[in-house]
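Computed over heavy atoms, backbone and side chain alike; hydrogens, waters and symmetry mates excluded.
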Amino acid sequence: QVQLVESGGGLVQAGGSLRLSCAASGLTFSSYRMGWFRQTPGKEREFVATISRSGANTYYANSVNGRFTISRDNAKNTVYVQMNSLKPEDTAVYYCAARPRRGSFLETSAGVYDYWGQGTQVTVSS
């Protein structure tokens, strides 16, 4: 049974930082591309960042590029996203997700991801 468990969310002031973690189990972690998405009420899930199986390649949404950094530790079956210079508009539930290696690495659709975590709330106050 595949499980993705996010942690690290919370309340932070604008300009602050948070690091989210996502621990994976039940799958061969190093065989999966990993991604982070976020969602606010009434909106579709939004792509944030993705990382290749080895961690050598990353890709970001324009809205977070230069502020967020995705990374992974395959020995720990964990993917991270370091979020700096946070803004109130970054407030959302953040989800990690896993996808097999097929299709374009630059695909940002949530539909290509097979497994999802339960999400962790990030709230940025102004």
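Judged by distance alone, the side chain of E6 and the main-chain N or O of C96 form a donor-acceptor pair under 3.5 Å. Between the side chain of Y60 and the backbone N or O of I70, at least one donor-acceptor pair lies under 3.5 Å. Judged by distance alone, the side chain of T50 and the main-chain N or O of M34 form a donor-acceptor pair under 3.5 Å. R72 places a side-chain N or O within donor-acceptor distance of the main-chain N or O of F29, the cut-off being under 3.5 Å.
Residues forming a side chain to side chain contact (heavy atoms under 4.5 Å, CB included) with R53 (at least two apart in sequence, or on another chain): R33, R101. Taking T123 as the reference, L11, T91, Q121 meet the side chain to side chain contact (heavy atoms under 4.5 Å, CB included) condition, with sequence neighbours excluded. Here Y94 pairs with nothing under the ring-ring contact (aromatic ring centres under 6.0 Å, His included) rule; sequence neighbours left out. The ring-ring contact (aromatic ring centres under 6.0 Å, His included) test applied to F68 returns no partner, not counting sequence neighbours.
F37 and V5 are assigned to two separate hydrophobic clusters, defined by single-linkage of ILVMFWY side chains at heavy-atom distances under 4.5 Å. In this structure, Y113 is not a member of the same hydrophobic cluster as I51, with clusters built from ILVMFWY side-chain heavy atoms closer than 4.5 Å. Linking Ile, Leu, Val, Met, Phe, Trp and Tyr whenever their side-chain heavy atoms come within less than 4.5 Å leaves Y80 and Y115 in two separate clusters. Hydrophobic clustering (side-chain heavy atoms under 4.5 Å, transitive across Ile, Leu, Val, Met, Phe, Trp, Tyr) groups V124 together with V81.
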(request) Just do the side-chain contact (heavy atoms from CB on, under 4.5 Å) check on R38 and V64 with the steps written out, would you? (result) CA-CA 11 Å; R38 64 188 182 186; V64 307; 3.9 Å; yes
(request) List the steps, then state whether side-chain contact (heavy atoms from CB on, under 4.5 Å) holds for W116 with R45. (result) CA-CA 12 Å; W116 292 86; R45 202 160 289 190; 3.2 Å; yes
(request) Show the numbers, then the answer: is there a side-chain contact (heavy atoms from CB on, under 4.5 Å) between E89 and S63? (result) CA-CA 10 Å; E89 51 263 43; S63 58; over 6 Å; no
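Between A14 and P88 the shortest heavy-atom distance is CB-CD, 4.1 Å. Summarising the geometry of S109 relative to V112, their closest heavy-atom pair is O-CG2, 3.3 Å, with the distance given to 0.1 Å. Contact record, G9 with L20: N-CD2, 3.5 Å, taken as the closest heavy-atom pair. Contact between G117 and Y95 at its shortest, heavy atoms only, is O-CD2, 3.5 Å. The two atoms that bring A98 and L27 nearest to each other are CB-CD1, 4.1 Å, heavy atoms only. Residue A24 comes nearest to L4 through the heavy atom pair CB-CD2, 3.4 Å, listed as atom of the first residue, atom of the second, then distance.
Here S30 contributes atom OG and N74 contributes atom CG; the two are 5.0 Å apart, rounded to the nearest 0.5 Å. Rounded to the nearest 0.5 Å, atoms CG (N77) and SG (C22) are 10.0 Å apart.
Pairs passing the salt bridge (charged side-chain N to carboxylate O under 4.0 Å, His left out) check and including a residue from residues 59-69, sequence neighbours excluded, read R67-D90. Every pair passing side-chain hydrogen bond (donor to acceptor under 3.5 Å, both in side chains) that includes a residue from residues 7-29 is listed here, sequence neighbours excluded: S17-N84.
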